[in-house]
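Note sheet for the following structure.
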Amino acid sequence: MNKKTFLPHLTNEEVAEAAQRGAVLLLPIGTVESNGPHQLLGCDYLVSERLAQVVAERTGALRMPTLHYGVSELHDSLPGTFGLTDALFGQLLEALMTAAARNGFQRALLFNCHRHNHQPIEILARAMRRAKRIGMAVIDPLEVARDLAAAEFRGDPPGAIGHGGEPLASLMCHLYPDDVRLDRQAGPDLDPFLGLAALSSTRFRYQGSKVGLFPDAREINASGAWADLTHTSGQRGAVAFERVCDFAEAFVRDFAAMPIMAR
């Protein structure tokens with residue numbers, strides 16, 4: 001298998017050959033935003049990037065340079081956030097996918113570790129498929145970790161999956177153990193907004209059900225993170241990461257043969 005799997009390390013002849021043999025492009029995506037005093041600003045893209053590196057080496061897919069910045073408007077009021085607008089994020093992604101199609105690639109798999117990026121990705125993927133330009137798929141590493149390593153996180157308190165929390169926190173403790181600052185973790189509670197109890201950063205309790213409201217992160221938790229990290233550990237992060245890698249590897253192999261552009 002060709003171990004030269006990082007796109008910028010190829011020559012123009014090598015990239016043409018890769019497109020001709022049907023190589024899948026891997027694009028890691030995340031963002032740079034406030035994740036609380038315990039967590040790295042780039043944790044979302046760092047997980048996606050490491051996953052893409054492992055999967056490319058295992059499968060011969062080509063890893064594109066990471067799209068580091070994403071849609072982080074919720075956290076604009078907090079230090080450390082460097083986000084893009086929805087429109088600009090979508091335009092950057094469209095330019096990359098258009099270039100991929102122009103170079104002859106038929107399939108791109110995005111590793112997106114930041115939920116606010118998902119809607120622009122979905123809109124673009126549908127448009128690209130309708131135009132028969134390139135087939136796009138997305139894997140959310142955190143979603144896969146919750147599904148396939150559920151036993152590792154069983155027994156966590158309900159607040160463990162808040163912003164900056166699990167399974168991301170354990171994944172980062174595994175991948176970057178010297179950088180995560182669990183000694184600086186903030187509390188998991190969200191403050192009320194307009195007198196309504198917070199269920200999440202965008203859902204608030206109202207008369208037996210819920211309504212969507214859209215405060216800045218600072219208005220509901222000044223730390224920039226809200227998660228109970230009592231059971232966070234690099235050990236379970238290692239289990240989760242390996243399961244995500246195995247899942248993504250299997251999908252890449254199947255995705256390469258899927259008639260994704262068929263109507």
Side-chain angles (χ1 to χ4, degrees), residues 28-51 65-93 111-121 140-142 145 157-204 212-234 237:
I29 302 176
T31 195
V32 178
E33 70 177 21
S34 175
N35 282 278
H38 71 286
Q39 189 56 275
L40 307 187
L41 298 175
C43 57
D44 292 330
Y45 87 71
L46 288 168
V47 170
S48 293
E49 187 172 71
R50 188 70 70 87
L51 174 62
T66 303
L67 182 53
H68 298 88
Y69 301 100
V71 181
S72 295
E73 189 272 340
L74 169 64
H75 301 280
D76 278 350
S77 61
L78 293 165
T81 299
F82 294 81
L84 305 176
T85 64
D86 279 33
L88 182 54
F89 176 78
Q91 288 167 4
L92 284 171
L93 192 57
F111 294 137
N112 175 46
C113 204
H114 183 61
R115 68 182 179 90
H116 292 286
N117 292 341
H118 188 78
Q119 187 174 31
I121 291 172
D140 178 345
L142 304 186
I161 61 173
H163 188 246
E166 297 291 15
L168 178 62
S170 286
L171 287 168
M172 287 296 291
C173 283
H174 164 58
L175 297 173
Y176 295 92
D178 296 331
D179 298 318
V180 176
R181 293 288 308 275
L182 290 181
D183 62 306
R184 295 286 298 138
Q185 62 184 283
D189 296 330
L190 290 170
D191 298 328
F193 181 64
L194 302 179
L196 303 179
L199 302 173
S200 71
S201 60
T202 59
R203 292 291 181 269
F204 297 82
L213 295 169
F214 307 99
D216 292 331
R218 186 185 293 276
E219 295 178 284
I220 51 175
N221 185 300
S223 77
W226 42 91
D228 189 328
L229 306 180
T230 302
H231 302 305
T232 295
S233 74

[atom1]-[atom2] distance between [X] and [Y], expressed to the nearest 0.5 angstrom:
{"X": "I220", "Y": "L74", "atom1": "CD1", "atom2": "CG", "answer": "6.0 Å"}
{"X": "D191", "Y": "N221", "atom1": "CG", "atom2": "CG", "answer": "6.5 Å"}
{"X": "Q39", "Y": "D179", "atom1": "CD", "atom2": "CG", "answer": "9.5 Å"}
{"X": "R115", "Y": "D44", "atom1": "CZ", "atom2": "CG", "answer": "10.5 Å"}
{"X": "E166", "Y": "T230", "atom1": "CD", "atom2": "OG1", "answer": "9.5 Å"}
{"X": "Y45", "Y": "Y69", "atom1": "OH", "atom2": "OH", "answer": "7.5 Å"}

Identify the two heavy atoms, one from [X] and one from [Y], that lie closest to each other, and give their separation to 0.1 Å.
{"X": "L190", "Y": "A198", "answer": "CB-CB, 3.7 Å"}
{"X": "S77", "Y": "A217", "answer": "OG-N, 4.2 Å"}
{"X": "P120", "Y": "D86", "answer": "CG-OD2, 4.2 Å"}
{"X": "P157", "Y": "H231", "answer": "CD-CD2, 3.9 Å"}
{"X": "T85", "Y": "L88", "answer": "OG1-N, 3.0 Å"}
{"X": "P28", "Y": "P65", "answer": "CD-O, 4.4 Å"}

Derivation and outcome, side-chain contact (heavy atoms from CB on, under 4.5 Å), residues L175 and L46: CA-CA 9 Å; L175 297 173; L46 288 168; over 6 Å; no
Atom CZ of F82: over 12 foreign heavy atoms under 6.0 Å: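 No.
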Flag if over 12 foreign heavy atoms under 6.0 Å of CZ, F204: yes
Parallel, tilted or perpendicular: rings of W226 and H75 (30°, 60°): parallel
Does a side-chain heavy-atom distance below 4.5 Å link [X] with [Y]?
{"X": "H38", "Y": "S223", "answer": "no"}
{"X": "I121", "Y": "N112", "answer": "yes"}
{"X": "L142", "Y": "L171", "answer": "yes"}
{"X": "R50", "Y": "Y176", "answer": "yes"}
{"X": "L93", "Y": "I29", "answer": "yes"}
{"X": "T66", "Y": "S48", "answer": "no"}

Short side-chain donor-acceptor distance under 3.5 Å, S72 and T31: yes
Flag for E33-H116: side-chain donor and acceptor within less than 3.5 Å: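 Looking only at side-chain atoms, E33 and H116 do not form any donor-acceptor pair under 3.5 Å.
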Test item: [X] side-chain N/O and [Y] main-chain N/O as donor-acceptor pair under 3.5 Å:
{"X": "T202", "Y": "F214", "result": "no"}
{"X": "N35", "Y": "H163", "result": "no"}
{"X": "E219", "Y": "D216", "result": "yes"}

